[in-house]
Number of protein chains: 2
Amino acid sequence: MRVLVPLAPGAEELEAVTLIDLFRRAGFTVVVAGLEPGPVTCSRGTVIVPDQPLDELAGQSFDLIVLPGGLPGADHLRDDPRVQALLRGQADAGRLVAAICAAPKALASAGILGGRRATAYPGALDESGLQPTGAAVEIDGDIVTGRGPGVAMDFALTLIERLGGKALRERVEAPLLR
Amino acid sequence: MRVLVPLAPGAEELEAVTLIDLFRRAGFTVVVAGLEPGPVTCSRGTVIVPDQPLDELAGQSFDLIVLPGGLPGADHLRDDPRVQALLRGQADAGRLVAAICAAPKALASAGILGGRRATAYPGALDESGLQPTGAAVEIDGDIVTGRGPGVAMDFALTLIERLGGKALRERVEAPLLR
């Protein structure tokens with residue numbers, strides 16, 4: 001499985017790193033792509049060096065594109081035409097798209113949340129006029145959303161189960177010693 | 001409050017970043033110190049740029065030194081004489097020391113776990129001959145230990161409560177939306 005994690009300045013590092021870490025524990029190939037070349041300063045000051053810049057993804061396809069939340073990270077994802085095009089292409093192809101915390105706003109702006117059940121950090125979908133359900137994690141077809149940093153692990157495990165099945169989820173979850 | 005997070009190559013990034021993130025949400029000053037200058041590649045490939053190298057900490061004191069786990073990160077913390085000296089100095093001064101997952105082995109090698117209740121990842125204390133309790137989080141005087149990545153958030157919140165009180169813990173925990 002191949003997973004793309006676009007990493008914007010001001011991304012929530014706890015969410016980003018929990019996703020990246022658990023997906024790699026699951027054996028997935030994870031590409032952390034910075035919106036611009038170079039290190040990314042996250043919302044609480046953690047500086048992460050992405051695997052590659054977003055502009056170098058040409059020709060790659062992914063089983064999942066997943067957006068970490070955090071502000072202003074989620075606003076950058078919403079406002080970046082390259083990210084928006086990637087999200088629309090992924091959804092049009094019927095492949096999995098996911099976002100947590102503030103980042104569902106970037107799915108809304110890409111026009112792929114209409115008529116879907118989605119959760120998000122309170123207030124994050126206000127600008128779109130959509131109503132989050134408030135659930136910890138929501139699955140609606142090929143759109144998966146999560147509520148906030150406190151459920152980042154559940155969100156990552158839900159995506160692992162979706163991509164690799166229940167047995168794989170259990171193999172990743174057990175050694176976390178939750 | 002000032003917190004030191006020594007970051008070794010092969011540190012568990014989910015644990016490291018959860019601690020750093022939540023402490024900064026609590027308003028603590030967090031210094032992420034690399035064992036050597038430059039970026040640190042963590043146990044699942046995340047590359048983090050520390051705030052400063054460990055050799056540049058001279059004259060700084062900390063209310064808490066906390067060790068993320070992961071392998072081989074915890075082995076590096078165990079084998080680094082500078083980290084060992086920092087841990088012994090912190091314990092001798094009666095200030096808070098904490099470690100999660102595999103990292104309690106570095107407390108054991110510094111000689112500060114003798115006669116204490118401590119938890120750790122299964123197997124991590126075998127070489128020291130100490131017996132982990134298996135609890136999610138253990139507090140014994142000024143030594144706080146955590147079991148594994150699945151309890152990183154509880155471990156961080158326990159330390160926040162210890163340093164800043166129950167009301168501060170609640171102010172940090174509520175917006176996580178657990």
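In what follows, every chain begins at residue 1, and chains take the letters A, B, ... in the order their sequences are listed.
Of all residues in residues 94-128 of chain A, those placing a non-hydrogen atom less than 4.5 angstrom from a non-hydrogen atom of chain B are A/Y121, A/P122. Contacts from residues 131-159 of chain A to chain B, taken as heavy-atom pairs separated by less than 4.5 Å, involve A/R147, A/G148, A/P149, A/G150, A/V151, A/M153 in sequence order.
With contacts defined as side-chain heavy-atom distances shorter than 4.5 Å, the pair A/V49/B/V49 qualifies. No side-chain heavy atom of B/V47 sits less than 4.5 Å from a side-chain heavy atom of A/I48.
Options A/P175, A/A16, A/P39 differ in how many heavy-atom pairs under 4.5 Å they form with chain B, and the most are formed by A/P175.
Under the 4.5 Å side-chain heavy-atom criterion for grouping Ile, Leu, Val, Met, Phe, Trp and Tyr, A/L71 is not connected to A/L77 through any hydrophobic cluster. The same ILVMFWY cluster, assembled from side-chain heavy atoms under 4.5 Å apart, contains both A/V30 and A/V172. In this structure, B/V66 is not a member of the same hydrophobic cluster as B/L54, with clusters built from ILVMFWY side-chain heavy atoms closer than 4.5 Å. Cluster membership check: A/L7 does not share its hydrophobic cluster with A/L87, using side-chain heavy-atom separations under 4.5 Å among Ile, Leu, Val, Met, Phe, Trp and Tyr. Under the 4.5 Å side-chain contact rule for hydrophobic residues, B/V83 and B/I65 share a cluster.
Between B/R25 and A/E13, none of the side-chain N atoms (NZ, or NE/NH1/NH2) sits under 4.0 Å from a carboxylate O, so this pair counts as no salt bridge.
If you take SG on B/C42 and CG on A/D21, they are separated by 9.0 Å, rounding to the nearest 0.5 Å.
Proximity to chain B is absent for every atom of A/P50, based on heavy atoms less than 4.5 angstrom apart. Heavy atoms of B/I20 lying under 4.5 Å from chain A belong exclusively to its side chain. The part of B/L22 that comes within reach of chain A is its side chain, from C-beta onward, which places non-hydrogen atoms under 4.5 angstrom from that chain.
Looking at A/R24, its side chain does come within 3.5 Å of a backbone N or O of B/R44 through a donor-acceptor pair.
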